[in-house]
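Structure record follows, encoded as structure tokens.
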Amino acid sequence: MFYAEIRHADSMLPYRDFGADSSGAYHRSILATVPDAMIVIDAAGDILSFSAAAATMFGYREAELVGQNVRLLMPGPDRDRHDAYMQRYLETGEAHIIGIGRITTARRRDGSNFPIELAIGDAETPGGRVFTGFIRDLTERQATERRLQDLQGELTHISRISAMGSLASALAHELNQPLTAIASYMEGARSLLKSPPDPETLEMIDDALAEAAAQSLRAGEIVRRLRDFIARGESEKRVASLRQLVAEAAALALIGTGPAVIDVETHLDATADAVLVDRIQIQQVLLNLIRNAVEALARRPRRRLEVTSRAGPAGQVTVTVADSGAGIAPEIAVHLFEPFRTSKADGMGLGLSISRTIVEAHGGRLWQQASDLGGAAFCFTLPLAEDAIDDG
Ligand code: ADP
């Protein structure tokens with residue numbers, strides 16, 4: 001194999017021609033102007049030429065790279081294995097990266113590593129076999145994706161806290177009931193202690209104390225639900241009972257609904273109860289949908305709210321929250337799942353967009369359709385779990 005080393009005074013790039021002289025100037029002009037990082041190596045892995053963008057990306061001066069083995073641009077373990085990779089390809093023609101492209105890691109001159117997308121093509125030239133690599137720096141893209149993920153997590157958390165804000169007064173009210181009951185049982189027990197301790201009085205004191213204990217457990221349960229709901233925590237998928245998730249979310253959603261009594265009718269498919277989900281997140285989806293339905297029923301003559309589930313194909317269950325409200329307002333319908341679209345004076349318009357994100361993060365879909373009950377229906381799918389329930 002013979003390579004003529006050519007270096008033009010006006011060329012920015014060192015360049016070893018590999019045969020066809022006539023294409024040299026053309027090749028050089030491409031390398032100087034192509035916005036992508038591009039590196040050409042020979043069958044031994046030695047760098048023949050590279051684009052100006054590649055030199056900048058890796059932090060090398062042009063003259064430093066030509067003739068060096070391309071290993072220089074890789075961190076371990078690829079650095080040590082690259083010769084073997086090339087050998088295997090040349091002997092077997094079995095492509096692991098050539099013509100496929102992959103996300104991998106590259107190394108700058110200063111020793112720092114960065115994520116790249118690498119696509120390689122190979123060609124026979126009069127001067128021998130050459131490989132051309134196109135490299136895209138993913139640092140920025142990955143940082144953006146991470147920022148978006150953080151933001152999403154933050155939004156989910158904020159919307160939960162904001163939902164909590166509106167639930168807080170209702171919860172305070174709910175907590176007040178067991179606390180008032182405890183106080184009056186205690187007062188009763190104290191006044192009974194002032195009378196002579198006959199067996200009947202003692203039994204009444206015992207009953208009052210037992211009631212007080214039960215009420216304080218009830219208060220504790222309300223606080224636990226609240227804490228579970230607001231706790232941040234990483235997404236953790238476990239096997240959970242859909243029936244239990246619906247029951248808990250409906251209980252939370254109905255708190256403080258005012259004088260209008262609304263029952264949540266449930267028709268849950270018993271053969272599709274165990275789902276693999278992040279319990280708190282799916283509870284939030286159910287809570288958003290049920291609260292939206294409850295709000296849609298305010299001041300309606302007929303108030304029906306139904307949660308149904310049905311096993312679907314491909315190991316999924318479809319959950320539907322349907323109401324007999326007025327349906328989706330036409331001006332909202334086209335933007336339904338977009339954030340900050342709301343028809344409510346105190347709405348944030350985040351519930352549906354966050355719910356959709358959560359469902360999609362579980363590999364499912366969330367959509368809206370007309371409800372048999374006359375109003376809106378929101379349906380979403382969740383993955384079924386094969387194992388038994390393990391979260392109680
Ligand atoms: P928010 O509840 O804060 O307004 P959402 O994202 O939960 O935000 O809902 C956006 C809008 O979609 C609501 O303001 C409402 O107009 C409409 N919507 C959602 N659910 C229903 C429903 N069950 N019936 C009628 N309209 C609904």
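In each ligand, atom 1 is the first atom listed, and ligand 1 is the first ligand listed. Keep in mind that the numbers below use all heavy atoms, side chains included, and drop hydrogens, waters and symmetry copies.
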Assess whether a salt bridge exists between E265 and R304, defined as any Lys/Arg side-chain N lying under 4.0 Å from an Asp/Glu carboxylate O. yes
Shell of residues surrounding ligand 1, defined by a 4.0 angstrom heavy-atom cut-off that is strict: N292, A293, A296, D323, G327, I328, I332, L336, R341, T342, S343, K344, G347, M348, G349, L350, G351, L352, A376, F378
Full working for side-chain contact (heavy atoms from CB on, under 4.5 Å) between T308 and D269: CA-CA 8 Å; T308 46; D269 184 341; over 6 Å; no
How long is the straight-line distance from CD of E338 back to OG of S353, given to the nearest 0.5 Å? 9.5 Å
Please report the interatomic distance CD1(I39) to CE(M57), rounded to the nearest 0.5 Å. 8.5 Å
Would you say H82's side chain and M74's backbone share a donor-acceptor pair under 3.5 angstrom? no
Under 4.0 Å between a side-chain nitrogen and a carboxylate oxygen: does that hold for R129 and D42? no
